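Structure record follows, encoded as structure tokens.
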Amino acid sequence: MSKKIWLSAPHMGGEEIKFVTTAFETNWIAPLGPNVNGFENDLVSYTHRKHAAALTSGTAAIHLGLTLVGVSQGDYVLCQSFTFCGSANPIKYLGAKPVFIDSEMETWNMDPVLLEKAIVDLAKKNIKPKAMIPVHLYGMPAKIQQIEAISAKYEIPIIEDAAEALGSTYKGKNCGNFGDLSVLSFNGNKIITTSGGGALLGNNAKVIEKARFLATQARDNAPHYEHSEIGYNYRLSNISAGIGRGQMIVLDERVAQRRAIYKRYERELEHIEAFTFLDEPSETFSNRWLSAILVNPSNSKGLDREAIRLKLETLNIESRPLWKPMHMQPVFKNELVYTNGVSELLFANGLCLPSASNMSEEDQTLVIDTIKGMFA
Ligand SMILES: *Cc1c(COP(=O)(O)O)cnc(C)c1O
């Protein structure tokens with residue numbers, strides 16, 4: 001079997017091991033320490049957010065973010081339907097109810113028009129959502145300014161899910177710096193990784209301090225262990241944060257590499273009539289975390305998304321359908337949803353191509369030639 005070509009593999013820069021070694025030499029093997037502080041500072045200076053708390057995962061960051069804007073049992077939370085379950089599951093951890101909002105075709109993210117319709121419609125049922133979770137999927141910034149305007153108009157705070165969008169910008173402003181609180185993920189498949197990790201970012205020092213407090217079992221200030229609130233064990237380890245510090249050094253390089261892979265796919269495959277690529281709208285800069293195509297089955301010689309995926313699989317090349325919308329997931333079948341058909345269409349016809357920043361030119365050529373061969 002030929003060597004596997006991954007969808008999105010970790011890509012170390014070389015400096016990571018030095019931060020990890022320092023942690024070993026100083027015996028800072030703990031869920032706090034100098035690397036955690038250093039990594040938080042790196043995130044703040046990169047995104048221009050004022051404060052950051054490094055956590056065990058992006059999902060944990062969403063959970064704390066929702067908690068900090070006051071979501072609790074029985075509340076409603078507006079959530080992009082076209083996303084990974086990590087965006088939505090924490091709503092249920094809190095006993096709250098998701099209301100899924102479909103996407104628009106320009107960015108594949110939360111449709112602001114449908115979002116406002118949903119808010120107005122829910123108001124008629126005396127429901128006022130407590131938060132909204134837009135996502136920048138595959139690194140493509142959502143129509144975030146329009147979403148922020150709706151958030152301000154109806155006074156519903158935004159938890160920005162920027163888990164896939166570190167390094168992306170909208171009108172020159174970093175993803176991770178929109179809305180009331182922002183979430184990042186450093187899972188192994190993301191644009192940079194700490195092997196597993198996440199962060200919650202915000203501009204209010206007290207709120208992020210509270211996040212750190214909740215993330216360390218809500219331990220009150222006392223010599224013994226005193227607790228007046230329920231907390232979580234969500235703090236990032238000093239070892240993982242060391243990897244993160246090394247990865248921050250190469251983040252812009254990783255963005256450039258992912259963008260180059262996307263550009264090459266586009267250049268070499270856009271002549272295939274059935275394919276559509278997701279262009280960057282004006283003033284939008286995507287980190288191109290994953291390169292994705294849409295395959296129109298009506299003009300693709302009987303070949304659909306699955307045919308391409310299965311063909312690549314025979315060559316040990318990993319590709320993946322786009323995210324299955326949350327409103328189509330069995331676990332969320334009883335939740336409220338506002339649809340327009342977009343995410344269902346994207347799920348039916350979309351494919352993520354191998355996009356790792358350390359993917360060789362030859363491997364890219366193999367993927368491209370295989371697909372070209374199918375449509376020749
Ligand atoms: C990866 C991801 C998350 C969750 O991050 P984890 O660190 O894996 O918990 C949340 N939302 C989106 C859109 C993601 O891609």
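Model, not experiment: these values are computed from the prediction. Both ligands and their constituent atoms are indexed starting at 1 by order of listing.
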(message) Could you check whether any side-chain heavy atom of Glu266 comes within less than 4.5 Å of a side-chain heavy atom of Ile293, counting everything from C-beta outward?
(response)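 Of all side-chain heavy-atom pairs linking Ile293 with Glu266, none is under 4.5 Å.
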(message) Here's one to test your reading of the geometry: is the NZ or CZ of Arg219 within 45 degrees of the ring axis of Phe213 and under 6.0 Å from its centre?
(response)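 Pair Arg219/Phe213 does not count as cation-pi.
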[X] N/O under 3.5 Å from ligand 1 N/O:
X: Thr59; result: yes
X: Gly58; result: yes
X: Thr83; result: no

Atoms in ligand 1 flagged as close to [X], the criterion being non-hydrogen separation under 4.0 Å:
X: Lys190; result: 1 (C), 2 (C), 14 (C), 15 (O)
X: Val135; result: 13 (C)
X: Ser57; result: 7 (O), 9 (O)

(request) Return the residue, atom name and 0.1 Å-rounded distance of the protein heavy atom closest to atom 5 (O) of ligand 1. (result)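 Of every protein heavy atom, Ser185 OG, 3.2 Å lies nearest to atom 5 (O) of ligand 1.
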(message) Checking a contact table here: which protein heavy atom is nearest atom 15 (O) of ligand 1, and how many Å away?
(response)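 For atom 15 (O) of ligand 1, the nearest protein heavy atom comes out as Glu164 OE2, 2.5 Å.
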(request) Identify whether the distance between the nearest side-chain nitrogen and carboxylate oxygen of Glu306 and Arg309 falls below 4.0 Å. (result)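 Here Glu306 pairs with Arg309 in a salt bridge, since their nearest N and O are under 4.0 Å apart.
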So, [X] versus [Y]: side-chain donor-acceptor pair below 3.5 Å or not?
X: His327; Y: Ser81; answer: yes
X: Glu226; Y: His224; answer: yes
X: Glu40; Y: His51; answer: no

(request) Can you spot which of Glu164, Arg254, Gln247, Arg288 makes a side-chain contact (heavy atoms from CB on, under 4.5 Å) with Ile191? (result)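 Among the candidates, only Arg254 passes.
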(request) From atom 8 (O) of ligand 1, work out which of Asp161, Ile62, Leu184, Asn187 has a heavy atom at the shortest distance. (result)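 Heavy atom nearest to atom 8 (O) of ligand 1 belongs to Asn187.
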(request) For ligand 1, indicate whether the residue Ala163 contacts it via side chain, backbone, both or neither (heavy-atom separation under 4.0 Å). (result)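 The answer is the side chain of Ala163.
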(request) Apply side chain to side chain contact (heavy atoms under 4.5 Å, CB included) to Asn296 and Thr276, showing your working. (result) CA-CA 8 Å; Asn296 180 350; Thr276 314; 5.7 Å; no
(request) Check whether any heavy atom of Ser87 sits under 4.0 Å from an atom of ligand 1. (result)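 Contact present.
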(request) Look at ligand 1 and say whether Gly197 reaches it with a heavy atom at a distance under 4.0 Å. (result)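 Flag set, Gly197 near ligand 1.
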